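Contents: one structure, followed by commentary.
This one's a predicted model, so the numbers in the text were calculated from it and none came from an experiment. Only heavy atoms go into these numbers, but all of them, side chains included; no hydrogens, no water, no symmetry mates. Letters A, B, ... mirror the listed sequences (proteins, then strands); counts begin at 1.
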Number of protein chains: 2
Amino acid sequence: MITIKEIAERANVSRTTVSRVINNSGYVSDEAKKRVLKVIEETGYIPSEHAKSLRTKKTKVIGVILPKISTETSSRLVKGLDEVFAKEGYQILLTNTNLELEKEIEYLKLLKSRHVDGIILSATIINEPLLEAIRQLNIPFVIVGQYMPGLPNVLFDDYQSSKDLVYFMIKKGYKHIAFIGVDEKDRSVGYLRKNGYLDAMKENNLPIEKGWVQKGTFDVDSGYQCMKQIMDFSEKTPVAVFAVTDRLAIGAMQYIKETGLSIPDDIAVAGMGASELSRFISPALTTIDFFIEEAGREAARLVLEQVNGGISHEVIRTIKHRLIERSSI
Amino acid sequence: MITIKEIAERANVSRTTVSRVINNSGYVSDEAKKRVLKVIEETGYIPSEHAKSLRTKKTKVIGVILPKISTETSSRLVKGLDEVFAKEGYQILLTNTNLELEKEIEYLKLLKSRHVDGIILSATIINEPLLEAIRQLNIPFVIVGQYMPGLPNVLFDDYQSSKDLVYFMIKKGYKHIAFIGVDEKDRSVGYLRKNGYLDAMKENNLPIEKGWVQKGTFDVDSGYQCMKQIMDFSEKTPVAVFAVTDRLAIGAMQYIKETGLSIPDDIAVAGMGASELSRFISPALTTIDFFIEEAGREAARLVLEQVNGGISHEVIRTIKHRLIERSSI
DNA sequence: ACCGCGTATGGAATCGATTCCACATAGGTA
DNA sequence: TACCTATGTGGAATCGATTCCATACGCGGT
């Protein structure tokens with residue numbers, strides 16, 4: 001590795017002067033500047049960001065903690081983040097907890113040890129130790145997707161969007177609506193979306209029959225199984241089913257199709273997330289589109305605000321959503 | 001930020017001793033060790049990786065350059081990379097060129113300035129300046145998806161897989177097979193897959209009629225347009241169409257369905273990539289599954305081999321693929 | 001003649017770790 | 001007794017940049 005010292009020697013100036021040329025700061029004669037630039041050019045010298053940031057305390061790197069790499073949500077989120085960060089010259093240091101909760105704290109520390117300028121956490125399940133770890137961190141921080149008190153949050157309106165969708169189904173004439181959810185420990189997807197459904201039904205005085213509410217996991221197969229449960233064990237067969245993710249909805253559709261029933265004539269289906277699949281599956285799935293890229297951009301902006309001197313206090317940015325009506329209803 | 005100096009003072013030892021405790025190296029009395037660990041515990045001290053790597057020349061960070069974030073391919077590749085890297089304690093520094101070729105060189109330099117231990121490039125179009133930049137880099141390096149002479153490569157067998165698929169179609173009885181490709185500047189997807197098709201047809205003495213070969217881009221709409229071109233301008237209407245990506249194939253399917261024709265009875269369709277969509281679209285799409293996660297793992301291994309002392313020379317690891325037969329044929 | 005100021009440059013401290021080397025002590029062996 | 005070795009510790013150089021401060025020169029104003 002060629003260093004600033006070598007450049008200085010070759011250009012017959014001091015390291016100070018080389019530094020000034022690189023950073024375009026202070027006084028440097030055209031004469032000296034030209035010599036330095038020439039040597040840099042010739043040698044292909046690239047300054048060490050490490051040495052630099054050791055002094056300046058800035059790395060232009062933002063740490064991102066994802067619960068799962070390789071999901072459409074993560075990938076859209078990262079896209080939004082990158083749009084803003086790239087423009088400002090920041091890079092993303094990626095970590096992936098693979099849904100192991102202890103890793104979140106581990107990675108927080110690791111990112112701190114790497115002196116990232118800020119951290120963005122896309123969380124699933126929050127707990128007290130995690131909150132505590134974040135508070136001690138003292139680094140610009142933003143959480144996406146789950147509410148954490150006292151911190152900058154970028155949230156989706158899980159409750160309202162879910163409610164919107166159920167209201168929409170009711171307006172379309174469906175009254176017997178079954179539900180496929182996930183574990184309520186996931187406050188956003190599990191708890192809030194379920195409550196949106198429950199409240200929408202209640203507010204419309206619609207009963208929820210035995211067997212209509214099922215709990216699955218985040219994959220297509222689980223949607224299939226849940227739908228089977230609904231069909232096998234419901235006292236009244238529902239005329240519609242609302243699943244809290246598109247994948248669950250698609251699994252449900254598979255089961256419905258297999259039993260020879262028609263969507264939406266026999267049973268209507270709705271999902272959430274506006275995944276690519278939802279567009280191309282047939283019939284195309286009615287769903288809620290959360291603007292995930294926008295959430296990424298917003299999170300990036302919030303973290304940069306803090307990096308540039310803003311202090312960190314509770315902020316809640318709720319990202320818009322929209323209902324996409326398609327032929328599954 | 002609390003530093004090693006402070007720990008040393010509080011524990012009444014020298015920085016040297018603290019360092020020895022942290023790294024479990026050299027001689028330290030149990031007595032001193034205990035004191036140091038206690039202070040570290042109390043203060044929540046996290047050593048600076050920056051300062052460390054300034055001396056040790058190792059960062060445990062691998063730079064990854066992607067042509068597009070937020071595609072299924074990128075995301076599966078990164079997943080594979082992360083599986084191996086996480087196990088070895090490496091993190092991923094992500095950069096995204098958004099298909100701007102100049103950025104590839106820019107990011108190579110940037111990653112070098114950040115002292116990544118290695119670089120993985122998922123390239124689309126290679127050119128001479130890029131090759132030159134990589135050669136000068138002198139950092140462990142692996143390229144995925146496109147062949148680059150003299151470097152460690154992880155490749156998919158684009159030519160053979162494409163040929164396999166066309167042979168399969170022919171064996172199924174389809175003789176009039178149209179083709180939707182992409183720009184041949186993309187050697188893998190554009191050039192090699194096209195040649196696989198052309199050679200398969202030639203080897204079976206099957207003529208390719210005027211209008212059967214179309215060139216699109218990487219999105220669904222383009223597949224739709226290309227299919228329209230085929231139907232409108234072919235002298236003989238084909239009985240099957242082979243698209244070099246699933247998205248193109250799905251676009252083609254949309255057009256075919258719109259014209260009221262049936263898949264596969266009137267026209268059979270095949271794609272490549274084994275995207276999620278291909279599974280759930282109906283009819284389900286016959287396609288080629290490249291083991292992209294495995295490519296990621298292999299690339300990670302290759303780069304780690306170099307990091308751990310292996311020298312960099314031309315290596316070609318061809319990742320397996322398999323044909324997935326589904327109902328679109 | 002002196003002061004002040006803009007311009008130009010370099011010496012040396014600094015950031016937070018690692019690591020080489022010198023040194024001290026205690027116990028075992030020839 | 002003299003010497004060697006294992007154990008334990010710290011001083012100081014080092015990594016590659018930035019930045020504070022001192023210095024020097026030339027020129028205009030008083």
Side-chain angles (χ1 to χ4, degrees), chain A residues 1-37 39-40 43-61 89 109-117 138-139, chain B residues 1-37 39-40 43-61 89 109-117 138-139:
Chain A
M1 257 312 264
I2 170 156
T3 71
I4 197 173
K5 194 175 152 215
E6 200 169 332
I7 302 294
E9 280 162 11
R10 293 214 205 192
N12 232 311
V13 294
S14 70
R15 282 136 75 207
T16 310
T17 302
V18 177
S19 175
R20 278 196 271 258
V21 171
I22 296 172
N23 298 291
N24 241 311
S25 64
Y27 293 114
V28 183
S29 64
D30 283 355
E31 181 51 34
K33 189 167 183 174
K34 218 178 290 176
R35 282 208 314 279
V36 170
L37 288 176
V39 175
I40 290 181
T43 52
Y45 164 65
I46 299 177
S48 157
E49 283 295 321
H50 261 102
K52 178 172 181 171
S53 63
L54 184 57
R55 279 236 57 178
T56 61
K57 309 283 174 202
K58 297 258 164 210
T59 54
K60 290 251 168 186
V61 173
K109 285 191 190 161
L110 184 137
L111 291 173
K112 175 156 192 174
S113 81
R114 293 200 183 286
H115 294 272
V116 294
D117 289 346
N138 204 26
I139 294 182
Chain B
M1 257 310 264
I2 169 156
T3 70
I4 197 173
K5 196 174 150 213
E6 200 169 332
I7 302 293
E9 281 162 11
R10 293 214 205 191
N12 232 311
V13 294
S14 70
R15 283 135 73 205
T16 310
T17 302
V18 177
S19 175
R20 279 196 271 256
V21 172
I22 297 171
N23 298 292
N24 241 310
S25 65
Y27 293 114
V28 184
S29 64
D30 283 354
E31 182 53 33
K33 188 168 184 173
K34 219 178 293 176
R35 284 209 313 279
V36 170
L37 288 176
V39 174
I40 289 181
T43 52
Y45 164 66
I46 300 176
S48 158
E49 284 294 323
H50 260 102
K52 178 172 181 170
S53 63
L54 183 58
R55 277 236 60 178
T56 61
K57 309 281 174 204
K58 297 257 165 210
T59 55
K60 291 250 167 186
V61 173
K109 285 192 190 161
L110 184 138
L111 291 173
K112 175 156 192 175
S113 80
R114 294 200 183 286
H115 294 272
V116 294
D117 289 346
N138 205 24
I139 294 181

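- Residue-level contact check: B:V13 touches the backbone only, with heavy atoms under 4.0 Å from sugar-phosphate atoms and none from bases.
- Where DNA chain D meets chain B (any atom under 4.0 Å from a heavy atom), the bounding nucleotides read 5' to 3' are D:dA6 to D:dG16.
- The residue A:K57 sits close only to the backbone: its heavy atoms come under 4.0 Å of sugar-phosphate atoms, none of a base.
- Judged by distance alone, the side chain of B:R10 and the main-chain N or O of B:V39 form no donor-acceptor pair under 3.5 Å.
- Atom NE2 of residue A:H50 and atom CD of residue B:E49 lie 8.0 Å apart, to the nearest 0.5 angstrom.
- The shortest distance between the side-chain N/O atoms of A:S14 and the OP1/OP2 oxygens of C:dG10 is below 4.0 Å.
- Residue A:Y27 places no side-chain N or O under 4.0 Å from the OP1 or OP2 atom of C:dA8.
- Contact annotation for A:S19: base contact, defined as any heavy-atom pair under 4.0 Å involving a base atom.
- Looking at heavy-atom distances under 4.0 Å, B:S29 makes contact with sugar-phosphate atoms alone, never a base.
- Where B:A51 and B:N12 each meet DNA chain D at their nearest nucleotide, the meeting point lying more 5' is that of B:N12.
- Summary of the strand contacts: A:E49 and B:R20 both lie near DNA chain D, and taking for each the nucleotide with the nearest heavy atom, the more 5' one is attributed to B:R20.
- At the heavy-atom level, B:T16 lies under 4.0 Å from base atoms of the strands shown.
- A donor-acceptor distance shorter than 3.5 angstrom exists from the side chain of B:R35 to the backbone of B:A11, with no hydrogens or angles considered.
- To the nearest 0.5 Å, atom OG of residue A:S48 and atom CD1 of residue A:I4 are 10.0 Å apart.
- There is no side-chain donor-acceptor pair under 3.5 Å between A:S53 and A:H115.
- Between the B:R114 side chain and the A:V61 main chain, no donor and acceptor come within less than 3.5 Å of each other.
- In this structure a side-chain-to-backbone donor-acceptor pair under 3.5 Å is missing from B:D117 to B:K58.
- In this structure, A:E9 atom CD and C:dG10 atom C1' are separated by 14 Å, rounded to whole Å.
- Take the nearest nucleotide of DNA chain C for B:H50 and for B:S25: the residue whose nucleotide is more 5' is B:H50.
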